[in-house]
Amino acid sequence: MDVPEAADACARVVDEVGGAVVADREFLDRVTLGILARGHVLLEDVPGTGKTLSARSFATALGLEFSRIQFTPDLLPADVTGTNVFDERDGSFSFSPGPIFANVVLADEINRAPPKTQAALLEAMEEGQVTVDGETHELPSPFYVIATQNPVESEGAFPLPEAQLDRFTIKTSIGYPDEAGELELLRRRAGRVEQSPTVDRVLDPDAVAALREVPESVRVDDDLLRYAASLARATREDRRVEAGVSPRGTQRLFETARAAAVIAGREFVTPDDVKRVAEPTLAHRLVLTPDAAVNDVDERDVIADVLDRVAVPTVDAPEA
């Protein structure tokens, strides 16, 4: 699959999902970025905005197996990864896979589960495998986690630690629809019997695997590599930030910028690609100082200021 074919495939997936989910194109493109960049996405929004529907719709459009895990305070790590079950007939143990063994896993309300259960996702998200009783089990490929959390409810919630947040390539939100969007939502509901809209399959697992290889062929000039590194380093020097973007975050910025170029149908990355993906890729990786937190400083504003301060390189488009 080449870049134009990949761009067309992404557009068809987004169009299909957009027929079910009332959301702006930017949100749908950001979720697609996570798929292309072989990463994971965190959706932070109030209930009822379509987070679960978005995850299920993307899985269906991509032709991938979908699994939903409802995170609750009493959820155990084995409820996520699976466990070894004793067979009385022959006195042996066999592994019973948990719901994490799927292509697209929705970790619903991930901040509802205690830290030990949240941590059960770390190995899976980083290495595509889980270890149970000393035995390692490979997860299906492709493997993609979409997690959701409610930002306005704190009772009975366990905030994700920085190490867990750093595993998510993209953090974004749907937000409330505008008036036209909410009217469209009602019109769509009036035109069907089921509460949830249906989505048709656009791709298959082999096509998704090929799609995720395409960004590797996208060209990134040295000036843009320095630009991405400078943005990450600038976050570490900001007085409002206690811990800036990690080297892992710098790599994810590089990967999402290449994915953004693919979605745009280009075989090379531009400064605008880097700027476009900087906020959803980097903001959630920042740890603000106590003073900044008290003053309600937003991590996204820090990234916006960094983008304004760091000089943008001039990159010429390659000749055809």
Contacts of D79 meeting side-chain hydrogen bond (donor to acceptor under 3.5 Å, both in side chains) (sequence neighbours excluded), chain-then-number -> none
In plain terms, say whether E126 and R167 are close enough for a salt bridge, that is, a side-chain N and a carboxylate O under 4.0 Å apart. yes
Taking the basic N atoms (NZ, or NE/NH1/NH2) and the acidic carboxylate oxygens, is any pair closer than 4.0 Å for R266 and D272? no
Inter-residue atom distance L75.CG - E109.CD, 0.5 Å rounding: 12.0 Å
Consider salt bridge (charged side-chain N to carboxylate O under 4.0 Å, His left out). Of R248, K171, R252, which one does D166 pass it with? R248
Output for pair (F58 CZ, L53 CG), nearest 0.5 Å, gives 10.5 Å
Tell me every residue that passes side-chain hydrogen bond (donor to acceptor under 3.5 Å, both in side chains) with D298, counting only those two or more places apart in sequence or in another chain. R300
Quick one: NZ on K51 to CD on E44, what's the gap to the nearest 0.5 Å? 9.5 Å
Atom pairs and distances, donor-acceptor, side-chain atoms in residues 200-212, under 3.5 Å, two or more places apart:
from: R201; atom 1: NE; to: L203; atom 2: O; distance (Å): 3.0
from: D204; atom 1: OD1; to: D206; atom 2: N; distance (Å): 3.1
from: D204; atom 1: OD1; to: A207; atom 2: N; distance (Å): 2.7
from: R212; atom 1: NH1; to: I35; atom 2: O; distance (Å): 3.0

With the threshold set at 4.0 Å, does a side-chain nitrogen-carboxylate oxygen contact exist between R12 and E16? no
Could you check if a side-chain atom of V312 sits within less than 4.5 angstrom of a side-chain atom of V274, using non-hydrogen atoms only? no
Who passes ring-ring contact (aromatic ring centres under 6.0 Å, His included) against Y227, sequence neighbours left out? none
Residue set satisfying side-chain hydrogen bond (donor to acceptor under 3.5 Å, both in side chains) with T169, at least two apart, ordered chain then number -> none
Answer yes or no: is there a donor N or O on one side and an acceptor on the other, between the side chain of T256 and the main chain of L253, under 3.5 Å? yes
Using 30° and 60° as the class limits, which term best fits the ring planes of H40 and F143: parallel, tilted or perpendicular? perpendicular
Does D223 reach the main-chain N or O of P313 with its side chain, forming a donor-acceptor pair under 3.5 Å? no
NZ/NE/NH1/NH2 to OD/OE distance under 4.0 Å, R240 and E299: no
CG-CD1 distance between L282 and I170, expressed to the nearest 0.5 angstrom: 9.0 Å
N-O pairing of D222 and R226 below 4.0 Å: no
Return the set of residues passing side-chain hydrogen bond (donor to acceptor under 3.5 Å, both in side chains) with N295 (not counting sequence neighbours), or none when no residue passes. none
Charged N to carboxylate O below 4.0 Å: is that the case for E255 and R38? no
Could you grab the distance from atom CZ of R233 to atom CG of D238, nearest 0.5 Å is fine? 14.5 Å
Does any non-hydrogen side-chain atom of T117 lie less than 4.5 Å from one of P114? yes
Any Lys/Arg nitrogen of R276 or D273 sitting under 4.0 Å from an Asp/Glu carboxylate oxygen of the other? yes
Test item: L224 and P271 side chains (from C-beta on) under 4.5 Å apart, heavy atoms: yes
Rounded to the nearest 0.5 Å, what's the gap from CZ on F101 to CG on L139? Could you check? 5.0 Å
Sub-3.5 Å donor-acceptor pair from the side chain of E123 to the main-chain atoms of T131, do we have one? yes
